Structures are given as C-alpha cells and as structure tokens.
2 protein chains.
Amino acid sequence: MHMSQQEIIANYLNTHYAFFERGLKEEIASSCTIKTFKAGDVLMQSGQYFRSTMLMVSGRVKLYRENEEGGEFFMYYIESGQACALSLICAARQEASQITARAVEDTKLLLLPISMMDTLMTTYKSWYYFVLETYRQRYEELLVTIDHIAFKSMDERLERYLQTQFEKLGTSHLTMTHQEIANDLHTSREVISRLLKKMEQANKLRLNRSFIEWLG
Amino acid sequence: MHMSQQEIIANYLNTHYAFFERGLKEEIASSCTIKTFKAGDVLMQSGQYFRSTMLMVSGRVKLYRENEEGGEFFMYYIESGQACALSLICAARQEASQITARAVEDTKLLLLPISMMDTLMTTYKSWYYFVLETYRQRYEELLVTIDHIAFKSMDERLERYLQTQFEKLGTSHLTMTHQEIANDLHTSREVISRLLKKMEQANKLRLNRSFIEWLG
DNA sequence: AAGTCTGTGTGACTAAAGTCACCTTTAATA
DNA sequence: TATTAAAGGTGACTTTAGTCACACAGACTT
C-alpha cells in the first residue's frame with residue numbers, strides 16, 4: 001500500500017491528535033512537514049530560536065535544563081501526542097529557548113510554521129485548548145520538579161527519578177549507566193552507585209552492568 | 001471628584017493594562033469586580049480551586065510552592081499589570097492550584113469570571129498575546145529558579161535572592177528578618193545569618209536589626 | 001527598672017553530598 | 001586469547017548545609 005505524504009500526515013494526526021477538529025487537522029496536514037531524528041540527536045539547544053512549532057508523532061524526547069559549565073538537569077519527557085510547550089510559545093513570540101531537547105528513541109515530528117499560530121489559535125477551539133493544556137501540564141511538571149530539588153534529599157530524588165523512568169518507558173528494564181543517571185540528576189557517579197546499592201539491598205531493584213531491573 | 005465603580009475600573013485598565021484593545025477593556029470593565037487584600041493576606045492556598053482570573057492593579061504578591069510539612073519555597077513576585085498565570089489557565093480548565101499566594105503589600109485585583117475566558121481569547125488578540133506572554137514569562141522564571149536550586153550553592157542563591165528583592169522593591173532597604181529569608185529559601189536561620197555576615201564583611205551590605213541595607 | 005520577647009551571633013557537632021584514589025568486573029576488539 | 005576500555009564498587013577524606021545550645025542586645029511591657 002502506497003500513501004502520499006499528505007495521507008501519512010493525516011494518519012499521524014488521526015492517531016495521535018484525534019481530539020483536533022477536522023478542519024484543524026486538514027489545515028495542519030496541508031502545511032506541515034515531517035522531520036525525523038535518530039536516538040541521541042539533539043532537537044534543539046539552549047539559545048536557539050524556534051522557527052516552527054513541533055508536534056510529536058513517534059519516539060521519545062528528553063528535555064534538559066543546562067548551566068554555563070555544560071552541566072545538565074533532566075526535566076521531563078515529551079512523547080507522541082504532545083507538543084513542545086516552549087515551541088508553542090517561544091515560536092509565537094520569537095524568543096530564544098533556554099533548554100536542550102535530545103531524542104532518546106528515533107523520533108518523528110510535525111513542523112508547523114509559526115506564521116500559522118495566530119490563525120489556528122483564534123480559529124480552532126481544540127487548538128486553543130491544546131496549547132493551554134500543554135502549557136499547564138508542563139508548568140505543573142516544573143512545579144513538581146522544584147518540589148523535589150527544593151525539598152527532597154538525593155535518595156528520594158533518585159527513587160522518584162527511577163519510578164518516572166520505569167513508568168514512562170513501560171518496562172522494568174532500564175538501560176542506563178550510573179554515570180548517565182548521575183548526569184540527569186546533576187550529581188556524581190559515586191553517589192548514585194552507592195544509593196543504588198542500598199536500594200538493591202532493600203530489594204527494590206537488581207543491578208546489572210548497564211541496566212537496572214525494577215522489582216516494584 | 002466622584003467616580004463610579006465602572007470609571008474606577010476603566011481607570012485601572014488604562015493605567016496598568018493600556019495594551020489591551022479598547023473593546024477588551026470595555027468588556028472587562030463591564031463584568032469584573034474589584035477585590036482588595038491587606039498585606040499578609042493569603043490570596044490562594046494549595047489545593048484551592050479558581051473561580052475567576054485575577055488581574056493585579058496595585059500592590060505586590062509573593063508566590064510560594066509548599067511541601068507537605070508546611071515548608072515554603074519562594075518562587076516569584078506578581079505586580080500590577082500582571083496576571084496570575086495559574087489563574088489564567090487553571091481557571092480555564094477548572095483545575096486546583098498547587099501554590100500559595102500571599103500579599104506582601106495591600107493589594108487590589110480585578111476578578112474576571114472564568115466563563116469569559118474563551119470568548120476573550122478568541123475575540124481579542126491583545127488578550128491572547130497577554131495570556132501567552134504571561135505564561136511564557138512565568139515558565140522562564142521557573143526555569144531560572146530550577147537553575148539556581150539545581151546548580152548553585154546557598155551563598156549564590158542568597159545573593160541572587162537579595163538582588164531580586166532589592167530590584168523588585170526598588171529600594172536599598174529590605175525589611176526582613178533572617179528567619180523570613182531562610183523560610184523563602186527553605187533553609188535554616190543560622191545558615192542565612194552566617195552567610196549574611198560574610199557578605200557584610202565583604203562590604204556588600206550592612207546588617208541591622210530587622211532590615212538590611214544594600215551597598216550595591 | 002525589671003522582666004520578657006524577638007532577632008541575631010557563634011562555637012561545636014552531625015549529616016549529606018561531593019571528591020579522590022584505586023580496585024575489580026565485564027564487554028569489546030585487536 | 002590478550003589487551004583495552006567502560007562500568008561499577010568502595011574506603012577515606014573534604015566541603016557544605018543543617019542542628020543544637022546558648023549568649024547577648026535592643027525593644028517593648030508592666
């Protein structure tokens with residue numbers, strides 16, 4: 001079976017953005033392009049400007065906050081059916097982004113020219129709700145993140161981090177090194193190794209070379 | 001000179017929300033109410049629901065994130081000409097708020113019934129921009145906050161905190177106790193006292209009972 | 001003036017996190 | 001198979017932050 005680019009996009013929209021109004025889907029389909037990233041690719045980098053809004057249709061993207069020395073801090077995942085909140089608004093206002101996004105799986109996005117934002121916003125109620133809801137969700141997520149770094153100690157943060165990973169990935173098998181986890185939480189490898197060891201002794205997980213099994 | 005409630009509101013809007021379209025101002029003026037808070041009053045509390053959107057016209061409000069044990073963490077100020085970002089969207093979606101807002105000066109707000117949000121959003125471009133820009137600003141502010149608690153040590157955080165206070169208040173005289181500062185940064189009074197002492201010795205400020213002079 | 005409350009200063013200690021050094025194990029590959 | 005690189009384990013130490021105890025000073029009360 002052969003599908004045109006248009007049909008493929010229409011298909012993506014029906015699968016992951018079913019809640020969009022018919023006219024909205026048509027309008028998006030007629031003027032967006034598809035962009036593909038490989039696992040590990042950087043989708044956008046601190047200081048970069050947006051020229052389009054991004055709607056994810058497959059894969060998984062990790063959002064990081066970066067500091068001056070290149071240190072990273074993991075914030076949250078974006079998955080299919082979700083938009084990059086920043087691209088929705090930075091795009092509309094032509095502002096530079098302050099975060100880094102990296103694909104952790106092969107990822108497909110729809111790119112919508114920012115020039116469409118105004119029209120979509122005022123024409124389609126489902127788009128307006130989508131934008132606001134996306135922003136609200138990300139905002140709440142950031143608040144929870146603040147809770148954790150402001151109020152919790154490293155062992156609690158690590159536990160929550162792992163829980164989030166296993167939940168999001170829908171598996172009990174996390175393929176990450178201690179060093180990578182340490183980077184995401186902006187701490188050192190030794191600290192993570194020691195805390196993981198304790199969690200293993202408490203029978204919460206099993207440690208292996210390069211991956212962790214969750215016994216939740 | 002005597003002014004009607006309507007005229008007073010029109011006046012507020014012209015002063016603090018001059019960028020609103022004429023029709024938008026009229027619509028707001030005809031259906032909003034004024035609410036007043038005294039310094040120290042709590043405007044909203046964790047878990048509460050919004051029934052209206054709030055536009056500040058005078059005073060100053062501090063936004064906190066709270067944890068289960070009642071610990072607080074200062075996030076940012078809201079001032080006249082600004083809206084509570086959460087009230088813009090929680091209102092639209094009828095969600096519970098997760099933060100606490102407290103007036104630090106006597107404060108006046110305009111309350112807009114949430115039922116108006118949809119119409120305003122689709123009818124007035126200046127409202128749509130205002131909402132998005134408000135959200136974007138708060139989002140960026142949260143990101144900066146995360147930077148600080150994730151990447152910086154307490155002395156740097158205190159320094160930035162004081163700078164923000166002096167800037168926002170537009171004075172070199174900050175009337176706060178060490179205990180209050182410690183609460184905002186979610187640390188202990190002794191830590192703040194010691195760090196302030198160091199900053200005094202470095203000639204960055206002068207310490208007094210219950211207030212601090214900035215020598216910036 | 002005596003008593004009390006609040007705000008601040010400070011030494012001594014504890015706990016948590018981060019660093020350093022060095023080792024072992026496992027996987028990859030020459 | 002021998003060699004090397006990557007991942008992880010662990011003891012010892014330093015630094016930072018938080019806690020405890022108590023002293024002291026200024027302001028306010030009676």
Side-chain angles (χ1 to χ4, degrees), chain A residues 40 67-74 145-162 165 173-214, chain B residues 40 67-74 145-162 165 173-214:
Chain A
N67 73 354
E68 312 81 44
E69 293 98 42
E72 286 183 338
F73 185 84
F74 170 68
T145 300
I146 287 187
D147 278 357
H148 277 82
I149 46 183
F151 299 132
K152 308 286 189 184
S153 52
M154 195 49 89
D155 54 347
E156 294 174 288
R157 288 175 49 202
L158 174 60
E159 192 142 353
R160 183 227 173 194
Y161 173 86
L162 292 176
Q165 303 298 314
H173 218 85
L174 178 64
T175 313
M176 281 185 88
T177 67
H178 298 184
Q179 184 64 63
E180 289 169 328
I181 297 174
N183 291 345
D184 279 7
L185 292 172
H186 197 251
T187 178
S188 72
R189 199 263 314 160
E190 293 93 322
V191 171
I192 296 300
S193 287
R194 277 191 259 263
L195 291 176
L196 283 175
K197 205 76 206 161
K198 265 193 210 163
M199 292 176 71
E200 186 180 42
Q201 278 154 12
N203 255 306
K204 292 178 181 174
L205 44 77
R206 190 168 300 133
L207 296 178
N208 306 275
R209 186 187 171 87
S210 300
F211 72 94
I212 298 173
E213 287 170 84
W214 189 243
Chain B
N67 73 354
E68 312 81 43
E69 293 98 40
E72 287 185 338
F73 186 84
F74 170 68
T145 300
I146 286 187
D147 278 358
H148 277 82
I149 46 182
F151 298 133
K152 307 287 188 184
S153 51
M154 196 49 88
D155 55 346
E156 294 174 288
R157 287 175 52 202
L158 174 59
E159 192 143 353
R160 183 227 172 196
Y161 174 85
L162 291 176
Q165 302 299 312
H173 218 86
L174 178 64
T175 314
M176 281 185 88
T177 66
H178 299 183
Q179 184 63 63
E180 289 169 328
I181 298 175
N183 290 345
D184 278 7
L185 292 171
H186 197 250
T187 178
S188 71
R189 199 265 313 162
E190 294 92 321
V191 171
I192 296 300
S193 287
R194 276 191 260 261
L195 291 175
L196 283 175
K197 204 75 205 162
K198 265 193 210 163
M199 291 176 73
E200 186 180 42
Q201 278 155 12
N203 255 308
K204 292 179 181 172
L205 44 78
R206 190 166 303 132
L207 296 178
N208 305 275
R209 185 187 173 87
S210 302
F211 72 94
I212 298 172
E213 287 170 84
W214 189 244

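Note that the structure is predicted; figures quoted are calculated from it, not measured. Numbered from 1 within each chain, the chains take letters A, B, ... in sequence-line order.
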Item to check | Intermediate values then yes/no, side-chain contact (heavy atoms from CB on, under 4.5 Å), L205(B) and L174(B) | outcome: CA-CA 11 Å; L205(B) 44 78; L174(B) 178 64; over 6 Å; no
Next on the checklist: With heavy-atom distances below 4.5 Å as the criterion, would you say the side chains of K204(A) and E159(A) are in contact?
Outcome noted: yes
Next on the checklist: So, does H178(B) get its side chain near the phosphate of dT6(C), meaning an N or O under 4.0 Å from OP1 or OP2?
Outcome noted: no
Checklist entry - Going by heavy atoms in the side chains, are W214(A) and M199(A) under 4.5 Å from each other? => result yes
Checklist entry - Would you call the rings of F211(A) and H173(A) parallel, tilted or perpendicular if under 30° counts as parallel and over 60° as perpendicular? => result parallel
Item to check | Residue met sooner reading DNA chain D from 5', once R209(A) and E200(A) are mapped to nucleotides | outcome: R209(A)
Next on the checklist: Between C1' on dT10(C) and CD on Q201(B), what's the gap in Å once rounded to a whole number?
Outcome noted: 12 Å
Checklist outcome for this item: The first and last nucleotides of DNA chain D lying within contact of chain A, meaning any atom under 4.0 Å from one of its heavy atoms, run from dA6(D) to dA12(D)
Item to check | Salt-bridge present (E68(A), K152(B); N to O < 4.0 Å) | outcome: yes
Item to check | Expected output: side-chain R157(B) to main-chain L185(B) donor-acceptor under 3.5 Å | outcome: yes
Next on the checklist: Within the 4.0 Å limit for protein heavy atoms, which parts of nucleotides 12-23 of chain C are touched? Write it as a string from 5' to 3', B for base, S for sugar-phosphate only, - for none.
Outcome noted: B----SBBBB--
Next on the checklist: Could you tell me how far apart I212(B) (CD1) and dG7(C) (P) are, to the nearest whole angstrom?
Outcome noted: 13 Å
Item to check | Heavy-atom neighbours of K198(A) NZ exceed 12 at 6.0 Å | outcome: no
Checklist entry - Whole Å only: how far is the CG atom of L207(A) from the P atom of dT25(C)? => result 16 Å
Checklist entry - Got a salt bridge between E190(A) and K197(A), using NZ or NE/NH1/NH2 to carboxylate O under 4.0 Å? => result no
